Amino acid sequence: MSDYNKEEIRRIEEKWRNEWKKRQVYKVQSGASKKPKYYVLDMFPYPSGAGLHVGHPLGYIASDIVARFKRLKGFHVLHPMGFDAFGLPAEQYAIEHGIHPAKSTAQNIENFIRQMDKIGFCYDWSLEVRTCDPAYYKWTQWIFLQIFDSWFNRKNNKADRIAGLARIFETEGNANHLFPNLKYKLPGSNETVFTAADWKKYDERTRQEILMQYRLAYLAYTDVNWCEALGTVLANDEVINGVSYRGGFPVVKKQMRQWSLRITEFAERLLKGLDEIDFSDSMKDIQRNWIGKSTGAKVTFKIGSEKSKVADMMVFTTRPETIFGVDFMVVAPEHEMVKDITSESQRKAIEKYLAYVESRSEIDRMAEVKKITGEFTGAYAINPFDGREIPIWISEYVLAGYGTGAIMAVPCGDERDHKFAKHFNLPITNIIGSYYNGKEANPTYDAVLENSDFLNGLQMKEAIPEVVNKLEKLGIGQRQVNYKMRDAGWSRQRYWGEPFPVIYRDDMPYAMDEKDLPLELPDSNYFRPSGTGEGPLANLKDWIRINDHERRDSNTMPTHAGAAWYFLRFTDPHNKEKFASREALDYWGQVDVYIGGAEHAVAHLLYARLWVKILHDLGYLNFDEPFKKLINQGKITGDSRYVYRVRGTHKFVSAGLKDRYETDPLHVDVNIVNGLELNLEAFTQWKPDFANAEFILEEGQYICGSAIEKMSKSYFNVVNPDDIIDSYGADTLRMYEMFLGPLEQSKPWNTNGIDGVFKFLRKFWNLYHDQKGNVSVSGEGPTREELKVLHKTIKKIESDVDNFSFNTSVSELMICVNELTSLKTNKRAILEPLVISLAPFAPHMAEELWEKLGHSETILNASFPEYKEEYLKENSFEYPISINGKVRAKMAFALDMPKEDIEKVVLASEIVNKWSEGKPPKKIIVVQGRIVNVVL
RNA sequence: GCCAAAGUGGCGGAACUGGUAGACGCGCACGACUCAAAAUCGUGUAUCUUCGGAUGUGAGGGUUCGAUUCCCUCCUUUGGUACCA
């Protein structure tokens with residue numbers, strides 16, 4: 001007897017897990033193959049201690065289906081898995097429990113692999129990488145050094161070796177390659193340009209200082225997000241609404257000497273690259289938004305003030321055509337000119353305002369963005385065109401870090417400027433006529449300019465080039481592009497990360513020798529940050545200090561580092577000479593499809609794209625975008641359950657009656673709730689606190705409240721895939737997760753429909769077995785009807801998998817099985833191709849059936865059946881309509897004409913009647929050979 | 001506030017470039033099997049209906065012979081972003 005029941009499922013799945021391992025069926029053949037390649041990759045997980053919940057495998061199942069499908073279609077498939085194993089949680093865990101991150105991480109990985117194997121993924125585990133493995137991070141460090149050893153050459157728009165730049169300086173100075181960071185001044189001077197002769201005079205230290213301003217990985221004092229509670233610096237994307245992404249602790253600005261990656265130089269290429277790659281529109285939008293390109297002009301205003309020593313003031317504006325509407329200027333409080341331009345009479349007020357700004361934390365600023373504050377400096381700028389004197393204010397709504405840190409305020413056109421003007425009662429010049437109503441600013445581009453001197457009568461759109469040309473001609477302005485994106489902070493004050501492979505001499509970092517890599521993370525039990533801003537490694541004095549003149553960096557890299565290139569390592573993960581061989585990189589090339597969560601839109605994906613671009617420029621890769629196509633699987637949320645405790649008692653009241661009491665909601669473990677009904681006995685045993693709980697029931701039941709929240713241990717709403725596999729098997733889990741809905745959509749987990757999927761698999765199984773449970777397929781030739789069902793299914797599955805529409809392909813398989821069941825099909829010619837099309841979805845069952853059909857090789861080596869269009873066509877006849885003996889039209893009808901078609905024939909005769917009455921119909925709408933409408 | 005995506009039965013969701021809305025599954029109802037229940041199998045299941053039909057894809061309008069699909073306005077939800085000049 002071999003019914004498809006729990007024991008049988010367990011036997012089959014266990015059997016094939018072992019067989020697959022034993023036969024090494026997933027082993028990727030190294031070296032180029034004649035077959036076309038296909039690289040399908042999951043975003044590798046951080047191995048958290050909580051293990052996998054049912055949400056994690058969603059993307060992995062999808063990629064597994066694609067990998068198996070592509071293999072059956074004759075592709076040479078690379079489908080690896082690894083672990084993003086450095087990271088803060090392991091370090092936090094170490095601080096709390098004294099267990100070394102290396103140890104807890106290794107344990108967690110083991111658990112992840114166990115769970116993944118149970119789902120039947122076709123990973124070649126011999127390719128596994130872990131970012132925390134010295135053999136891996138040796139190359140993370142090596143790539144970092146390549147970045148450190150590069151600069152961005154704006155002349156050819158690519159990364160070049162820094163040695164080349166030094167040669168340029170030696171022969172021509174830096175006149176042709178001004179500092180990317182325009183604020184940088186030469187040591188001991190106010191100049192930014194030096195000659196070849198100057199360069200030759202500089203000492204080594206100065207030269208390195210200058211080169212540092214060009215390196216793509218550079219060290220600088222930067223304002224960083226300092227989180228006191230975590231004792232570390234956070235990247236911009238780890239700070240949300242002024243608090244830390246993890247833990248929600250307050251974050252303040254602090255100046256520290258940090259590594260940064262000069263990603264801003266690549267802003268334009270990162271933007272352009274989006275046009276060539278297949279990411280969803282929303283993903284591209286998020287990246288475009290993050291990069292934040294805006295085009296405008298830089299304009300210089302002369303300053304007239306009580307003191308005349310002051311230099312010019314530069315502003316950035318996207319609306320240079322509004323220059324005659326400038327009623328005041330605003331500069332950031334941190335702007336370097338504030339001190340110089342402030343008049344004596346305003347000095348006190350300004351100092352007071354600066355103190356106020358200083359006192360405001362990041363959170364205050366975030367929380368009160370609408371609050372209008374500012375102070376007049378006493379200084380005036382001169383409008384270069386009409387000589388008007390414009391008061392200069394300072395205000396925190398102008399950011400020091402963007403543009404020039406100063407703006408020209410046009411209150412009639414800009415909402416913020418308008419509010420500022422109203423608040424401080426500043427006069428407002430209207431340059432857009434009726435477009436401005438006096439109450440709110442209008443940022444239109446359509447207005448015809450007024451009060452605008454030589455721009456009068458021009459539409460704003462036309463006026464922009466006009467005014468920019470004039471500015472350029474007068475030498476007081478120029479076209480300018482600005483980006484919101486900042487350079488990426490690359491230092492973390494943490495233990496559990498890659499050490500920076502540099503040695504400091506005289507406070508200047510020098511690359512370590514390649515042969516000395518990896519610079520291993522020293523073994524330590526001091527994980528606690530020093531609290532001064534330095535990381536835990538600073539505690540290891542012997543490691544930090546090499547000798548009297550040399551020391552190491554106490555920071556480590558962010559987790560983004562290991563993740564920025566792991567997809568390259570997978571092509572050749574055991575290479576000891578290179579980060580991957582050129583042959584492997586050239587063969588596997590770009591990732592054909594990358595599946596992962598949308599939450600990595602701005603950090604991981606941008607850094608990965610950056611690293612690939614740099615490696616490409618330096619000649620290590622022949623492509624400069626890592627991922628051809630990106631699929632973002634939706635999050636699976638948890639469906640939490642609540643009980644309501646009457647305040648101050650042991651009484652729990654059912655949800656329907658809770659409003660009659662004063663209650664506190666408590667999360668309750670979803671596993672002791674059936675639907676919404678609480679299992680009272682299980683509840684009293686769940687926690688000691690609840691042992692003597694009393695219940696206020698409605699209709700004899702305790703009904704829980706519910707809410708959709710993220711799956712989390714603390715909400716007790718986590719569903720473990722292991723449990724589902726225990727009761728239904730991995731094949732059902734796989735198909736059910738796909739069946740839940742569109743892959744890219746977020747959805748709550750519920751098991752309501754899982755029986756349907758399970759029943760389908762049993763029906764499928766039964767197709768191949770007779771009443772006694774023996775495999776029985778007949779060699780008879782299939783009927784046309786059977787062939788139609790089969791080929792329809794193959795066609796649908798093929799197009800669905802290509803479109804990542806797995807929920808509909810599961811439906812299609814269900815329809816197919818229903819139809820074949822009612823046709824009582826047991827023919828090999830139908831069932832053999834059908835089981836192949838099931839294989840990507842339910843590999844265990846497919847493999848078992850395949851073997852039972854008499855095949856000794858794995859089903860993975862079969863080939864996916866081709867569908868034949870001829871079986872999909874309807875049998876049809878053409879029906880001619882003749883008027884006065886002349887054939888005027890032909891209509892096609894199916895032989896097995898359904899009722900609706902008969903109605904169409906009736907309709908047709910109506911047409912004939914109308915026609916013969918001398919009133920031809922206005923229109924006959926025929927779609928696919930059928931009349932769908934007649935307009936009389 | 002701005003940007004993007006999405007709103008379809010009791011529920012999850014189908015419907016390819018405009019062409020029979022509600023596939024498939026869950027749930028529910030009825031039936032078969034059973035002493036009975038569970039499991040299983042079968043049938044039905046948008047709403048209203050005077051059983052002729054009528055109405056239906058967030059709301060309102062438009063284009064079209066024909067709109068879930070395209071356009072405009074509004075509402076709601078989700079994601080991103082936040083004084084970026």
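Side-chain atoms are counted along with the backbone in the values below, which use heavy atoms only and exclude waters and symmetry mates. Here the structure is a predicted model, which is why all the values come from computation and not from measurement. Numbered from 1 within each chain, the chains take letters A, B, ... in sequence-line order.
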Item to complete: Determine the contact category for Pro742(A): base if any of its heavy atoms lies under 4.0 Å from a base atom, sugar-phosphate if only primed atoms, P, OP1 or OP2 are that close, otherwise nothing.
Response: sugar-phosphate

Worksheet item: In terms of heavy-atom contacts, does NZ of Lys371(A) have more than 12 from other residues, nucleotides or ligands at under 6.0 Å?
Response: yes

Practice prompt. Tell me what Ser799(A) touches on the nucleic acid: a base, only sugar-phosphate, or nothing, going by heavy atoms under 4.0 Å.
Written response: nothing

Worksheet entry | Span that lies between the P atom of A4(B) and that of G66(B), in whole angstrom | 31 Å

Worksheet item: Does a side chain donor of either Thr429(A) or Asp327(A) reach within less than 3.5 Å of an acceptor in the other side chain?
Response: yes

Discussion item. Can you tell me if Asn818(A) touches the phosphate of G25(B), counting only side-chain N or O atoms and a distance under 4.0 Å to OP1 or OP2?
Written reply: yes

Item to complete: Return no unless some side-chain N or O of Tyr402(A) is found under 4.0 Å from OP1 or OP2 of A85(B).
Response: yes

Discussion item. Check the phosphate of A85(B) against Ser294(A), side-chain N and O only, distance under 4.0 Å to OP1 or OP2. Yes or no?
Written reply: yes

Item to complete: Rounded to whole angstrom, note down the C1' distance from G9(B) over to C28(B).
Response: 13 Å

Worksheet item: For A14(B), does OP1 or OP2 lie under 4.0 Å from any side-chain N or O of Asn807(A)?
Response: yes

Worksheet item: For G42(B), does the O4'-C1'-N9-C4 (purine) or O4'-C1'-N1-C2 (pyrimidine) torsion place it in syn, i.e. within 90° of 0, or in anti?
Response: anti

Practice prompt. Pick base, sugar-phosphate or nothing for Leu399(A), based on heavy-atom distances below 4.0 Å to the nucleic acid.
Written response: base

Discussion item. Less than 4.0 angstrom from a charged side-chain N to a carboxylate O is my criterion; do Arg319(A) and Glu321(A) meet it?
Written reply: yes

Worksheet item: Does Lys759(A) have a side-chain nitrogen or oxygen under 4.0 Å from the phosphate oxygens OP1 or OP2 of C26(B)?
Response: yes

Worksheet item: Are the side chains of Tyr356(A) and Glu396(A) in touch, meaning some heavy atoms are under 4.5 Å apart?
Response: yes

Worksheet item: Does Gln745(A) put a side-chain nitrogen or oxygen below 4.0 Å from OP1 or OP2 of G13(B)?
Response: yes

Worksheet item: Of Met814(A) and Gly741(A), whose nearest nucleotide on RNA chain B comes first from the 5' end?
Response: Gly741(A)

Worksheet item: Side chains of Ser294(A) and Tyr402(A): donor-acceptor distance under 3.5 Å anywhere?
Response: yes

Worksheet item: With a 4.0 Å cut-off on heavy atoms, is Val810(A) in touch with a base, just the backbone sugar-phosphate, or nothing at all?
Response: nothing

Fill in: Glycosidic conformation of G79(B), taking syn as within 90° of 0 and anti otherwise
anti

Worksheet item: Is any side-chain N or O of Arg762(A) closer than 4.0 Å to OP1 or OP2 of U40(B)?
Response: yes

